[in-house]
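Naming convention: chains lettered A, B, ... in sequence-line order (proteins, then strands); numbering from 1 in each chain.
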There are 2 protein chains.
Amino acid sequence: MLILTKIITLKKNSVTLSDIARELHMTAATVSRALSDHPEISAKTKSIVKEAAQRLDYKPNRIASSLRSGKTNVIGVLIPTAENAFFGSVIHGITNLASKHGYSVLIHECDELFELEVKGIQTFIGARVDGIIASLSRNTVDYDHFLDVKRRNIPLVFFDRVPDLDIPSVVIDGFNGSFWATQHLIDQGYKRIAHISGPLFINTFNDRFKGYEAALKANNIPFESDLVFNGNISIESGMEGTRQLLALAQPPDAIFAAEDFTALGVLKQLKINNIKAPDQFGIFGFCNDMFSEHTTPSLSTMDQQTVLMGQEAFKLLNQIIENGNEKTSDKIVVKPLPVIRESSLKTMQ
Amino acid sequence: MLILTKIITLKKNSVTLSDIARELHMTAATVSRALSDHPEISAKTKSIVKEAAQRLDYKPNRIASSLRSGKTNVIGVLIPTAENAFFGSVIHGITNLASKHGYSVLIHECDELFELEVKGIQTFIGARVDGIIASLSRNTVDYDHFLDVKRRNIPLVFFDRVPDLDIPSVVIDGFNGSFWATQHLIDQGYKRIAHISGPLFINTFNDRFKGYEAALKANNIPFESDLVFNGNISIESGMEGTRQLLALAQPPDAIFAAEDFTALGVLKQLKINNIKAPDQFGIFGFCNDMFSEHTTPSLSTMDQQTVLMGQEAFKLLNQIIENGNEKTSDKIVVKPLPVIRESSLKTMQ
DNA sequence: CTGAAAGCGCTTACAG
DNA sequence: CTGAAAGCGCTTACAG
């Protein structure tokens, strides 16, 4: 009998409420209430219990309390990839705030693959997370898994790459940011401004294309479809686009690129062709990626305020968790900030 | 009574084993066994149960099974910051593999703050994670929280920034990598090679300093403490170090920098001083950061194989989780890969 | 102010 | 092959 007790004692590697209760000759209920500062427990009992909890190195089992309370204090964050400064930075914004509000963050990376995105959502549902923050994978066009989340009344917020659904989200103002960038190139005196886009079925890149188009229109510059190259978010497509645009009968003298890797590709191709930026050719990017500050010439770009974006996404989610009745129309638009560096400053040369 | 039932039905937003059991007039035990393909359940029952589970959109409550089984299938990953390509990339390596092995990843970022590091560990303990992968914050010198983890028999693996404890870990071979880089600069014909270090109390940067020192010795070049500047992992310290080194009576003609931001600072300062790299001055970094490929001249550096590092860390943890009896001596050393670019190729000019 | 009891949703040893 | 029962570690409505 003694041996049996010992084995049991050895087997469980953590102290429970009942262990404390037994030690103090009270019930687990009282211990529980004392530790959570229940108003009806006497100050004396509280101090005795807290002392014992500390002495026995008690750490509450959140799994058990989650099961009982129905709240896990965990949120799920679904991202296309962690190998990317953008998402890392958003994660930073989310986790910091989440942690302050008592939430832990379960992360799921889907490698830009639809199947892993679905798997991530299922994992989150299984883990009974209190809410989900997600950004779509590159190829996602089927939203059933997200509708499943809604059906289960799990609060859900999208950021950056958002689906065409009535679900709260945080996005960057790509339209106005791109309008601003294009206008800036015009103001600098560049005459023919081209655009290398990202995949246009993704909302973010479509917005940027539209902003470019609108800026031309606002300046009475005719839009020429020849001046738009459809890229795929890569250095290579920036280079390829530049080659094709330079081969036009009337080549451009500036390019607004949908994001910074593309802009970097433009820069590299111009060097190969011995065209000097910014005096002969203007470049403007979008994202303010890690490297953009350190190229030669340094890249003018729009900062996406990624940390702010993460924070806003969490705030929105938290609000929905707390108030329950979300307004599906909630759409937070983060303003991108222009970062003017060398690549677009013709007048400075 | 009917109304009450309805309210209850509405209130719980997910289907349980008992719901399925009631529907099929069997017990939850049978349903549980059928769904987990227990050998003693008849094929017929299994198919009936599985059909019903699918029809009712049943998703097992992992919280409940965790409480019962004592296994959460969650691992905790503690990182100094997510706003950094290095850790993002390691996370990528960890989560991918973890997901394949049925684990979810709880992430905790401590912003390089000791208190948040402790808080993260406590959160992980509370969440009863099956294991922890961690990298130390910049200022951590007190390891009580990790000893607490060991005391509770929670499998623990460190990566990159590891404490001076007998705990399994995955580290980069900074010594040999730095030896290699220094030797390369010597081979390129640079005569006086300086070093701008990171904080030397952190194991990783200390190793790199030692590798530099050893390479000099192996080539019968006397070590001069004047040629070592103590930096703090930043562009600014790269610039400041370069200024001070150039001001020496006998300035160096090459710098091996402890990491790429520092190397970038070197590059920037050389440009200011109108010293041409690589023909007049060699630069070698460490990390292969995002931007290193895109500077002018591009930076020679050591690739840390970050994804591999994350994968190895998970593999090691998983092995400890499965086999229980870890050998505390387990220390996996990842070989860094030289990435020779322009900044160190004197002979090419 | 504290206790006894029920229950969150699973899993599994014990019966039959 | 399936059921009845106990229990994982909490929390809380109900008593007293």
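- Rounded to whole Å, the distance from CG on B:L35 to P on C:dG9 is 16 Å.
- Partner of A:L17 under the side chain to side chain contact (heavy atoms under 4.5 Å, CB included) criterion, chosen from A:T27, A:T30, A:L35: A:L35.
- When each of A:S42 and B:I63 is assigned the nucleotide of DNA chain C bearing its nearest heavy atom, the one mapping closer to the 5' terminus is A:S42.
- Where B:T45 and B:R128 each meet DNA chain D at their nearest nucleotide, the meeting point lying more 5' is that of B:T45.
- Atom NE2 in A:H25 sits roughly 12 Å away from atom P in C:dG3 (whole-Å rounding).
- For A:R33, the listed nucleotide lying nearest its side chain is C:dA4; candidates were D:dA5, C:dA4, D:dC10.
- Between B:H38 atom NE2 and D:dG3 atom P there is a gap of 13 Å when expressed in whole angstrom units.
- Relative orientation of the B:F114 and B:H145 rings is perpendicular, given thresholds of 30° and 60° on the angle between their planes.
- Residue A:I79 forms a side chain to side chain contact (heavy atoms under 4.5 Å, CB included) with just one option from A:I91, A:D160, A:D111, and that option is A:I91.
- Of the listed nucleotides (D:dT12, C:dC10, D:dG9), D:dG9 has the atom at the smallest distance from the side chain of A:A64.
- Listed nucleotides: D:dC10, C:dC10, D:dT12. Nearest to the side chain of A:S65: D:dC10.
- Remark: P of D:dT12 and NZ of A:K71 are 13 Å apart, rounded to the nearest angstrom.
- The CE atom of A:M26 sits 16 Å away from the C1' atom of C:dA4 (whole-angstrom rounding).
- Here C:dG9 is the nucleotide among D:dA4, D:dC10, C:dG9 with the atom lying nearest to any side-chain atom of B:T16.
- B:S69 comes within 4.0 angstrom of no nucleic acid atom, judged by non-hydrogen atoms across all strands.
- Projected onto DNA chain D by closest heavy-atom contact, A:E40 and A:S36 fall at different nucleotides, the more 5' of which corresponds to A:S36.
- Under a 3.5 Å cut-off, the side chain of B:S69 and the backbone N or O of B:S65 do form a donor-acceptor pair.
- Rounded to whole Å, the distance from CD1 on B:I41 to P on D:dT2 is 5 Å.
- With a cut-off of 3.5 Å on both pairing distances, the Watson-Crick or G-U wobble partner of C:dT2 is D:dA15.
- Judged by distance alone, with hydrogens and angles left aside, A:R62 brings no side-chain donor or acceptor close enough to the base of D:dG9 to form a pair under 3.5 Å.
- Taking 4.0 angstrom as the limit, B:T30 places a side-chain polar atom (N or O) nearer than this to OP1 or OP2 of D:dG3.
- Computed from coordinates, the B:L67 CG to D:dG9 C1' distance equals 6 Å when rounded to whole Å.
- The CG-P distance, from A:L17 to C:dG3, rounds to 13 Å in whole Å.
- The one candidate from A:V49, A:D19, A:I20 that meets the side chain to side chain contact (heavy atoms under 4.5 Å, CB included) condition with A:Y58 is A:I20.
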